[in-house]
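Inspection log for the structure reproduced underneath, given as structure tokens.
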Amino acid sequence: MFNTIATLGRRLRLGVVGGGAKSFIGPVHRSAARMDDNYEVVASVLSSDPERSRKEGAAIGIAPDRAYGSVEEMFAGEQGREDGIEVVAIMSPNDSHYRYSVAAIMAGIDIICDKPLATRLEDALDLVKRVEASGIVFCQTFNYTGYPLVRQAMAMVRDGDIGAVRMVEVQYVQGYNYALRPEESEGAAQNWHFVPEKAGMSLVLGDIGSHAHHLVRYVTGLDVDRLVADVTTTVPGRAPLAHDHGGVLFRLSNNAPGVMWVTQAGAGAVHGLHIRVFGEKGGLSWVQETPNQLFHSRPEAPMLVYERGGAGLKPEARRAERIVIGHPEGYQEAFAVLYADAAEAIVSRKLGKTPNRLALDFPGVVDGAHTLKFIAAAVESSRGGCWVDSRVLR
């Protein structure tokens with residue numbers, strides 16, 4: 001795995017936005033940044049409340065003068081320092097991703113940003129233009145692409161190991177307690193995900209449908225060209241855009257059919273991210289709850305099972321591994337893979353070098369724009385009951 005100290009002589013200086021004391025995703029990002037020793041978290045904005053932001057920054061070990069009260073304050077303060085931040089990790093509510101990313105681009109700072117890219121398609125497309133014009137590195141944390149066996153599946157499809165893709169099925173089934181109750185109930189009422197202005201066009205599609213959509217594109221190497229969708233709420237009392245269920249039929253760019261089912265109201269479900277891709281010569285199946293195996297089905301032949309750390313893996317999978325076979329790796333390590341990939345791309349840009357091609361397998365700003373178009377098309381289709389074009393960058 002890439003290491004900045006060996007290449008650059010030091011760690012990259014990272015500022016974090018969002019992910020305060022009550023956040024699940026904040027510690028995940030910060031741990032991922034530190035796992036391979038590529039980053040040092042030196043500045044923070046951990047809350048939209050300035051006083052709380054400063055207190056929470058101090059609580060995670062940020063120096064008092066770098067535990068900022070706002071993003072604007074952080075960028076202004078860091079630009080005046082010789083040891084200012086070089087990278088920012090954005091994990092704040094969805095509606096802030098666009099404007100914080102724009103501010104980082106204007107400051108010349110590389111970006112690692114949680115999904116979705118924005119809450120409006122227009123903003124996502126604007127970010128694509130800004131990132132491409134600036135030349136900065138932009139990593140979108142569709143973290144499931146950091147699993148070694150997802151990268152194995154991607155490389156196998158690309159190399160023709162299952163032949164031309166003929167069909168795909170993906171599901172992401174959650175059943176968290178807060179998602180099973182009306183939004184005015186305890187827990188749900190305080191969750192910004194249930195506020196359309198903050199969450200975006202669709203709760204379930206932005207939260208987990210985005211992962212399912214990107215996983216399809218990543219593994220197959222094909223875009224989702226058109227779709228017909230039924231996106232709805234099944235829990236009584238929900239706001240119209242606080243969708244908790246989505247069913248989508250789609251066609252890939254090679255006209256292969258696909259099916260997506262995503263929900264956050266599957267009572268008792270644990271996680272349930274599963275993708276199956278079938279080609280002319282066989283199929284692949286990967287389940288996130290058992291992420292260290294990839295199943296390769298073949299006509300009239302025994303099932304092959306690829307093990308993380310085992311024999312027969314491609315370089316794309318090997319790069320994402322950390323420990324030997326028999327010791328499981330999972331969610332946290334997958335996040336760290338993306339941080340390590342981004343670190344190599346960032347350092348290569350700084351030094352004017354070409355990064356290892358395997359380091360560029362992380363999702364970027366264009367992937368985020370494709371997802372926003374998919375969400376917009378699915379919502380439009382659900383309202384009109386018709387097939388909708390979901391292509392974004394032609």
For the pair Ser390 (side chain) and Arg226 (backbone), establish whether a donor and an acceptor sit closer than 3.5 Å, ignoring hydrogens and angles.
yes

Any side-chain to backbone donor/acceptor pair from Glu289 onto Gly272? Under 3.5 Å, distance only.
yes

Hey, any chance Val277 and Phe142 share a hydrophobic cluster, counting ILVMFWY side chains that come within less than 4.5 Å of each other, even indirectly?
no

Cluster check Trp261, Val379: I/L/V/M/F/W/Y, side chain < 4.5 angstrom:
no

Leu205 and Val262, any side-chain heavy atoms less than 4.5 Å apart:
yes

Using a strict cut-off of less than 4.0 Å between a Lys/Arg side-chain nitrogen and an Asp/Glu carboxylate oxygen, indicate whether Lys314 and Glu316 qualify as a salt bridge.
no

Do the side chains of Ser382 and Thr232 get nearer than 4.5 Å, heavy atoms only?
no

Can we call the ring centroids of Phe335 and Tyr339 under 6.0 Å apart?
no

Mind checking whether Arg11 and Tyr39 have side chains closer than 4.5 Å, heavy atoms only?
no

Whether over 12 other heavy atoms sit under 6.0 Å from Met106 CE
no

Would you mind reporting whether Pro355 and Leu360 have side-chain heavy atoms less than 4.5 Å apart?
yes

Between Thr141 (side chain only) and Asn143 (backbone N and O only), is there a donor and an acceptor less than 3.5 Å apart?
no

Note, Cys386 side chain near Val388 side chain (heavy atom, < 4.5 Å)
yes

Would Val28 and Val150 show up in the same hydrophobic cluster when neighbours are defined by side-chain heavy atoms closer than 4.5 Å?
yes

Side-chain heavy atoms under 4.5 angstrom apart, residues restricted to Ile, Leu, Val, Met, Phe, Trp, Tyr: same cluster for Met260 and Val173?
no

Is it true that Lys115 and Asp367 have a side-chain N and a carboxylate O under 4.0 angstrom from each other?
no

Check Arg10, Arg66, Glu40 against Asp83 for a side-chain contact (heavy atoms from CB on, under 4.5 Å) and give me the one that passes.
Arg66

Does the gap between the ring centers of Phe250 and His213 come in under 6.0 Å?
no

Do the charged groups of Arg54 and Glu73 touch, with an N to O distance under 4.0 Å?
yes

State, to 0.1 Å, how close Val235 and Ala265 come at their nearest heavy-atom pair, and which atoms those are.
CG2-CB, 4.1 Å

For the residue pair Tyr144 and Tyr172, categorise the inter-ring angle as parallel (less than 30°), tilted (30 to 60°) or perpendicular (more than 60°).
perpendicular

Compare all side-chain heavy atoms of Arg151 with those of Leu358 and state whether any distance is below 4.5 angstrom.
no

Would the distance check show the side chain of Gln264 and the main-chain N or O of Gln174 forming a donor-acceptor pair, the cut-off being under 3.5 Å?
no

Does CD belonging to Glu51 count more than 12 external heavy atoms closer than 6.0 Å?
no

Which heavy atom in Tyr68 sits nearest to a heavy atom in Gly77, and how many Å separate them?
OH-C, 3.8 Å

Atom CZ of Arg383 with >12 non-hydrogen neighbours under 6.0 angstrom:
no

Let me see the working for Arg251 and Asp389 under salt bridge (Lys or Arg N to Asp or Glu O under 4.0 Å), right down to the final yes or no.
CA-CA 10 Å; Arg251 291 283 181 153; Asp389 187 335; over 6 Å; no

Under a 4.5 Å cut-off applied to non-hydrogen side-chain atoms, are Val137 and Phe362 in contact?
yes

Please check: side-chain N/O of Asp95 versus main-chain N/O of Ala199, any donor-acceptor pairing under 3.5 Å?
no

Working to the nearest 0.5 angstrom, can you tell me the gap between Asn94 CG and Asp207 CG?
7.5 Å

Are there over 12 heavy-atom neighbours, none belonging to Trp387, within less than 6.0 Å of that residue's CH2?
yes

Decide side chain to side chain donor-acceptor pair (under 3.5 Å) for His29 and Asp114; before the verdict, give the C-alpha distance in whole Å, the side-chain angles of both, and the deciding distance to 0.1 Å.
CA-CA 9 Å; His29 274 269; Asp114 243 349; 3.3 Å; yes

Inspect the contact between Arg319 and Asp341 and indicate whether a charged nitrogen and a carboxylate oxygen are less than 4.0 angstrom apart.
yes

With no hydrogens and no angle check, is any side-chain donor or acceptor of Arg308 less than 3.5 Å from a backbone partner on His327?
yes

Is the shortest distance from a Lys or Arg side-chain nitrogen in Lys55 or Asp49 to a carboxylate oxygen in the other one below 4.0 Å?
no

Any side-chain heavy-atom pair from Gln140 and Leu117 closer than 4.5 angstrom?
yes

Is the shortest side-chain N to carboxylate O distance from Lys129 to Asp126 below 4.0 Å?
no

Carefully, step by step, assess Thr234 and Asp244 under the rule side chain to side chain donor-acceptor pair (under 3.5 Å).
CA-CA 7 Å; Thr234 64; Asp244 56 35; 3.0 Å; yes

Pairing of Asp110 and Arg349 as salt bridge, 4.0 angstrom limit
yes

Could you pull out the closest heavy-atom pair between Ala118 and Asp123, with the gap in Å?
CB-CB, 3.9 Å

Taking His243's backbone N and O only, do any of them form a donor-acceptor pair with Ser202's side chain (distance below 3.5 Å, no angle check)?
no

Taking Val165 as the fixed residue, which of Leu284, Leu252, Val216 is the one that meets the side-chain contact (heavy atoms from CB on, under 4.5 Å) rule?
Leu252

Candidate list Val87, Leu338, Val16, test side-chain contact (heavy atoms from CB on, under 4.5 Å), partner Ile112, passing option:
Val87

With side chain to side chain donor-acceptor pair (under 3.5 Å) as the test, would you mind laying out the steps for His274 and Gln288 before giving the verdict?
CA-CA 6 Å; His274 183 191; Gln288 195 268 334; over 6 Å; no

Hydrophobic clusters here meaning ILVMFWY residues chained together by side-chain heavy-atom distances under 4.5 Å, can you tell me if Phe278 and Trp286 are in one?
no

